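All heavy atoms count here, side chains included; hydrogens, waters and symmetry mates do not. Convention: sequence-line order gives letters A, B, ...; per-chain numbering from 1. As the structure is a computational prediction, the values presented were derived from the model and not from experiment.
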Number of protein chains: 2
Amino acid sequence: MSRSTLTPISYLVLGWTSFEPATSYELKRLSADSVGYFWEFPHSQLYAEPARLTKLGLLEEKRELTGRRRRIYSITEEGRQALGDWLREPTSEEPQIRDIGLLKLFFQDALEDGNVVALAQAQEQAHRKKLSFYEELDSTIPHEAGFGRATLQAGLIFERAFAEFWSEIAAHPPTAFIRSDRRARDKTRKRVAHE
Amino acid sequence: MSRSTLTPISYLVLGWTSFEPATSYELKRLSADSVGYFWEFPHSQLYAEPARLTKLGLLEEKRELTGRRRRIYSITEEGRQALGDWLREPTSEEPQIRDIGLLKLFFQDALEDGNVVALAQAQEQAHRKKLSFYEELDSTIPHEAGFGRATLQAGLIFERAFAEFWSEIAAHPPTAFIRSDRRARDKTRKRVAHE
DNA sequence: CCTATCATGTAATCCGTTACATGATTAT
DNA sequence: ATAATCATGTAACGGATTACATGATAGG
């Protein structure tokens with residue numbers, strides 16, 4: 001029990017419930033509609049995680065008596081404390097950018113007949129699409145929308161930068177680098193045989 | 001067996017071995033020193049994944065006869081095919097940005113006594129540090145370094161943009177948005193009781 | 001020769017993903 | 001009424017993360 005640390009999803013759930021009690025489905029909607037734009041959390045986790053947090057005493061579960069008998073979670077004092085501690089502690093952790101497009105770009109060296117331009121165009125288009133979505137959002141939400149708005153600015157910046165990046169790649173596609181350089185490493189290798 | 005799909009790590013391993021055969025440790029070094037800058041893969045995966053790919057017939061394993069008896073993996077024709085198919089297929093998938101800093105920023109609304117400036121400064125510093133690391137790298141690697149260099153450009157752009165973003169937050173910290181708006185939702189809620 | 005770090009894994013557990021399932025609501 | 005979609009979960013599995021462990025190599 002003791003060693004179960006809190007993960008980002010834990011803080012996501014604590015964060016939302018710190019505003020007001022919520023069901024798993026509400027957590028899902030809220031998240032999909034905000035943080036989910038840049039960091040997706042699978043909905044099954046938003047059903048599993050509150051149960052875990054309840055066991056840890058950071059949430060409390062109530063249940064509807066009729067109809068869907070939904071579980072409604074509210075944050076406890078310990079929960080609020082844990083969330084506050086986490087929020088107050090600055091972090092120097094670097095973001096992970098899990099970008100399939102970049103990964104594909106990186107390994108294009110493996111192909112002689114690749115089509116980088118197609119990749120770059122698909123990526124540029126995807127980023128531009130998200131960018132206009134963000135712009136639309138930005139123009140509709142109130143100006144005093146707190147930190148949610150600040151996060152949205154990060155999204156705007158990111159999408160702009162990457163649309164720009166991919167457009168540049170499409171315009172001036174790099175050429176593959178042929179690698180053939182196993183000498184150095186082979187010196188350190190022992191004799192090798194099958195199986 | 002059949003249903004085991006290939007994940008990003010699979011393609012990472014296929015990608016590296018497509019250049020030349022490698023041990024798990026080499027995969028780890030190579031990755032940590034390139035893609036790992038923006039997308040980290042735990043080293044234990046780089047021991048587990050090649051075994052999996054070997055079972056699927058996409059890699060072949062040889063073993064040293066003496067000393068450490070390391071396992072050396074080379075790509076098979078099927079492997080090369082799978083990698084090529086993947087590389088040639090453009091993707092519109094959007095990147096996931098798993099950024100603890102942004103997540104913390106987003107939920108600062110939950111605090112009345114938060115210290116956003118400290119957070120923003122820590123983040124800005126981290127991004128600037130990585131940025132100068134990239135710049136150093138960029139100035140040392142050969143100009144015809146293929147797609148690896150292109151990927152590095154993305155890194156530079158990203159770090160610059162985010163350093164800029166956090167510096168802006170530090171200079172003009174947003175203020176919290178007080179939420180209290182449970183009316184709408186409560187209308188749809190059934191009666192509730194403990195346990 | 002001793003120590004530190006590099007290199008090479010294994011184990012246990014938990015998280016994440018996908019798929020399935022089904023009861024309410026809303027739209028036509 | 002029926003179909004479609006919304007809402008609310010559960011199950012199963014495999015991948016991901018963290019810890020642990022230990023044998024080589026190099027540096028002092």
Side-chain angles (χ1 to χ4, degrees), chain A residues 1-13 21-33 35-36 39-56 61-73 93 96 98 100 185 187-190 192, chain B residues 1-14 21-33 35-36 39-56 58 61-73 93 96 98 100 185 187-190 192:
Chain A
M1 70 200 86
S2 45
R3 203 68 303 247
S4 54
T5 347
L6 298 183
T7 69
I9 298 186
S10 312
Y11 293 109
L12 177 76
V13 171
T23 67
S24 287
Y25 186 72
E26 287 167 334
L27 295 174
K28 171 191 152 185
R29 298 309 299 280
L30 290 166
S31 304
D33 232 334
V35 269
W39 187 344
E40 284 173 27
F41 300 92
H43 87 274
S44 66
Q45 289 291 114
L46 296 177
Y47 283 89
E49 187 62 22
R52 214 184 124 232
L53 294 175
T54 300
K55 268 202 200 111
L56 294 175
E61 172 188 323
K62 293 185 182 179
R63 230 170 145 172
E64 291 180 344
L65 293 177
T66 66
R68 302 198 156 170
R69 309 207 61 234
R70 292 176 280 200
R71 300 169 212 270
I72 300 170
Y73 298 97
E93 216 166 329
Q96 298 265 328
R98 307 198 171 183
I100 304 286
R185 217 239 353 272
K187 281 198 304 196
T188 70
R189 284 245 178 95
K190 302 282 166 29
V192 157
Chain B
M1 68 195 90
S2 46
R3 203 70 302 252
S4 53
T5 347
L6 299 182
T7 69
I9 298 185
S10 312
Y11 293 110
L12 177 76
V13 172
L14 291 174
T23 68
S24 287
Y25 187 72
E26 287 167 334
L27 294 174
K28 172 192 152 183
R29 297 310 299 280
L30 290 166
S31 304
D33 232 335
V35 268
W39 187 343
E40 283 173 29
F41 300 92
H43 87 275
S44 67
Q45 287 292 112
L46 296 177
Y47 283 90
E49 187 62 20
R52 215 183 123 230
L53 294 176
T54 300
K55 268 203 201 109
L56 294 175
L58 307 181
E61 173 188 323
K62 293 184 183 181
R63 241 184 132 159
E64 290 180 344
L65 292 177
T66 68
R68 301 200 156 167
R69 311 206 60 234
R70 291 177 281 201
R71 301 168 212 270
I72 300 171
Y73 298 97
E93 217 166 326
Q96 299 265 328
R98 303 197 174 185
I100 304 286
R185 220 241 349 276
K187 280 198 306 195
T188 70
R189 283 245 179 93
K190 302 287 167 25
V192 158

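- For A:Thr7, the side-chain hydrogen bond (donor to acceptor under 3.5 Å, both in side chains) test picks out A:Ser10, with sequence neighbours left out.
- When each of C:dT17, C:dT8, D:dT8 is scored by its nearest atom to the side-chain atoms of B:Arg98, the top-ranked nucleotide is C:dT17.
- Taking atom CZ of B:Arg63 as the reference point, atom C1' of C:dG9 lies 10 Å away to the nearest angstrom.
- Across C:dC15, D:dG15, D:dT17, the shortest atom-to-atom separation from the side chain of A:Thr7 is found for C:dC15.
- With sequence neighbours excluded, no residue satisfies side-chain hydrogen bond (donor to acceptor under 3.5 Å, both in side chains) with B:Tyr11.
- The B:Arg71 side chain lies nearest to C:dT10 when the options are D:dG15, C:dT10, C:dA7.
- Rounding to whole angstrom units, CZ of residue A:Phe41 and P of C:dT18 are separated by 16 Å.
- Remark: A:Phe41 engages A:Ile9, A:Leu12, A:Trp39 in a side chain to side chain contact (heavy atoms under 4.5 Å, CB included) (not counting sequence neighbours).
- Residue B:Ile9 contributes atom CD1, which lies 14 Å from atom C1' of C:dC15 at whole-angstrom precision.
- Side chain of B:Tyr47, nearest nucleotide from D:dT17, D:dT8, C:dG9: C:dG9.
- In this structure, the CD atom of B:Gln45 is 18 Å from the P atom of C:dT8, given to the nearest Å.
- Axis angle between the ends of the helix from C:dC1-D:dG28 to C:dT28-D:dA1, five pairs each and rounded to 10 degrees, works out to 30°.
- Rounded to whole angstrom, the span from the CG atom of A:Leu27 across to the P atom of D:dT8 amounts to 11 Å.
- Atom NZ in B:Lys55 sits roughly 12 Å away from atom C1' in D:dG14 (whole-Å rounding).
- The side chain of B:Arg52 contributes no N or O atom lying less than 4.0 Å from OP1 or OP2 of D:dG14.
- When distances run from any side-chain atom of B:Arg29 to the nucleotides D:dT18, C:dG9, C:dA7, the shortest one goes to C:dA7.
- A donor-acceptor pair under 3.5 Å is formed between the side chain of A:Gln96 and the backbone N or O of B:Glu40.
- Judged purely by atom type and a 3.5 angstrom limit, B:Thr23 has no side-chain atom pairing as donor or acceptor with the backbone of B:Arg71.
- Taking every side-chain heavy atom of A:Ser44 into account, C:dT17 is the closest of C:dG9, C:dT17, D:dA16.
- Here the C1' atom of nucleotide C:dC15 and the CD atom of A:Glu49 are 9 Å apart, to the nearest Å.
- Between A:Glu26 and A:Arg29 there is no salt bridge, since none of the side-chain N atoms of the basic residue sits less than 4.0 Å from a carboxylate O of the acidic one.
- Residue A:His43 places its side chain closer to D:dT10 than to any other of C:dT17, C:dT8, D:dT10.
- B:Ser44 is linked by a side chain to side chain contact (heavy atoms under 4.5 Å, CB included) to B:Pro42, counting only residues two or more places apart in sequence or in another chain.
- Per the geometry, CD belonging to B:Glu40 stands 13 Å off C1' belonging to D:dA16, to the nearest Å.
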